[in-house]
Amino acid sequence: MPQKQTAHKKLQNSRPERGDRVGYWLVKSEPDCFSIDDLLAAKGRTTYWDGVRNYQARNMLRDQMKLGDRVLFYHSNAKPPGIAGVAEVVREGYPDTTAFDVKHEHYDPKSKPDSPTWYRVDLKLVAKFPRELSLPALRQVPALAGMALLQRGSRLSVQPVSSQEFKTVLALAEIDES
DNA sequence: GCCAACGTTGGC
DNA sequence: GCCAACGTTGGC
């Protein structure tokens, strides 16, 4: 795919769609696997966001998530599911090397070191919410009705969030803009 | 544990 | 390139 590669390189060197504005995202994690407390306890409160094996999500990790972008940290498959805090992008998309490791549970033979299929970013915790915002509570908020997370059949583990939605979520969490 | 929604795979 | 079968996600 030489053409896609070219487009990709252009994107890496500038932000044609967005200028220098901060982007907003939501990522899902199953707390049984990796929770916001795990991120809090991690060295530098920072982790590799790897293991994503979906092309739409990959494209966002690889091409669109930029340094300083804010990321809502969502607990999926939890009781109840909900948004647990905010992180930021501290390293932009780079190859997910777990895909190269035969022994790794996310091994994928079609991803090669010289042409990686899968990418990851590094995320650092900004704030854990004093109280998690549960999915049912989020559904009660009219300003969030358009949020990707709340749409039917929304399964993407990385989703874009609008700046308005992000602001609304922080207000609900009673977290100051930072 | 059920199942709807969605993505991927592979036969043709 | 179609589409049925299958696998996964994730709320409930």
Side-chain angles (χ1 to χ4, degrees), chain A residues 1-5 7-8 11 23-40 42 47-65 69-87 89 93-123 125 128-162 165-166 168-170 172-173:
Chain A
M1 299 169 202
Q3 283 188 324
K4 267 190 184 161
Q5 221 33 328
H8 166 213
L11 278 174
Y24 301 99
W25 308 93
L26 177 145
V27 298
K28 298 181 182 176
S29 185
E30 303 196 14
D32 286 348
C33 175
F34 191 89
S35 74
I36 195 150
D37 288 323
D38 293 322
L39 184 55
L40 188 61
T47 192
Y48 314 110
W49 203 260
D50 56 19
V52 171
R53 297 291 181 265
N54 170 283
Y55 286 100
Q56 258 181 282
R58 187 279 309 272
N59 292 345
M60 291 188 263
L61 291 173
R62 188 188 63 186
D63 305 330
Q64 295 179 260
M65 294 176 83
D69 280 2
R70 298 296 187 180
V71 180
L72 298 173
F73 193 108
Y74 179 80
H75 282 162
S76 61
N77 248 319
K79 294 174 188 174
I83 300 173
V86 179
V89 177
Y94 64 105
D96 180 353
T97 53
T98 64
F100 309 143
D101 180 356
V102 186
K103 302 228 171 84
H104 200 279
E105 71 171 312
H106 297 305
Y107 172 64
D108 183 348
K110 71 175 167 293
S111 185
K112 304 290 183 193
D114 58 349
S115 61
T117 306
W118 305 116
Y119 283 71
R120 62 183 169 192
V121 298
D122 289 357
L123 296 181
L125 184 68
K128 178 183 169 177
F129 290 164
R131 265 187 251 163
E132 199 170 309
L133 299 175
S134 75
L135 184 59
L138 295 169
R139 291 196 188 283
Q140 301 301 309
V141 183
L144 297 180
M147 220 178 157
L149 179 72
L150 305 183
Q151 306 314 303
R152 239 168 96 95
S154 141
R155 296 194 313 169
L156 266 190
S157 62
V158 180
Q159 307 179 344
V161 171
S162 76
E165 290 161 355
F166 187 83
T168 302
V169 168
L170 287 202
L172 289 168

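When reading the values below, keep in mind they use all heavy atoms of this one structure, side chains included, and skip hydrogens, waters and symmetry mates. Every chain is numbered from 1 and lettered A, B, ... according to where its sequence line falls, protein lines coming before strand lines.
Remark: A:Arg70 CZ to A:Tyr24 OH distance equals 8.0 Å, nearest 0.5 Å.
A donor-acceptor contact shorter than 3.5 Å is absent between the side chain of A:Glu30 and the backbone of A:Asn77.
Backbone-only contact: A:Arg139 has heavy atoms under 4.0 Å from sugar-phosphate atoms and none from a base. Nucleic acid contact class of A:Gln56 (heavy atoms, under 4.0 Å, all strands): sugar-phosphate only.
Nearest-nucleotide mapping onto DNA chain B: of A:Lys110 and A:Ser154, the residue sitting toward the 5' end is A:Ser154. Of the two residues contacting DNA chain B, namely A:Asn77 and A:Arg155, the nearest-nucleotide position lying further toward the 5' end is that of A:Asn77.
Taking 4.0 Å as the cut-off between side-chain N and carboxylate O, A:Arg53 and A:Asp96 count as a salt-bridged pair.
The aromatic rings of A:His104 and A:His106 lie tilted to each other, with the angle between the two planes from 30° to 60°. Note on ring orientation: taking the six-membered ring where Trp is involved, the planes of A:Trp118 and A:Tyr55 are tilted (angle from 30° to 60°).
With sequence neighbours left out, the side chain to side chain donor-acceptor pair (under 3.5 Å) criterion links A:Asn59 to no other residue.
Read 5' to 3', the first and last nucleotides of DNA chain C with an atom closer than 4.0 Å to a heavy atom of chain A are C:dG7 to C:dC12.
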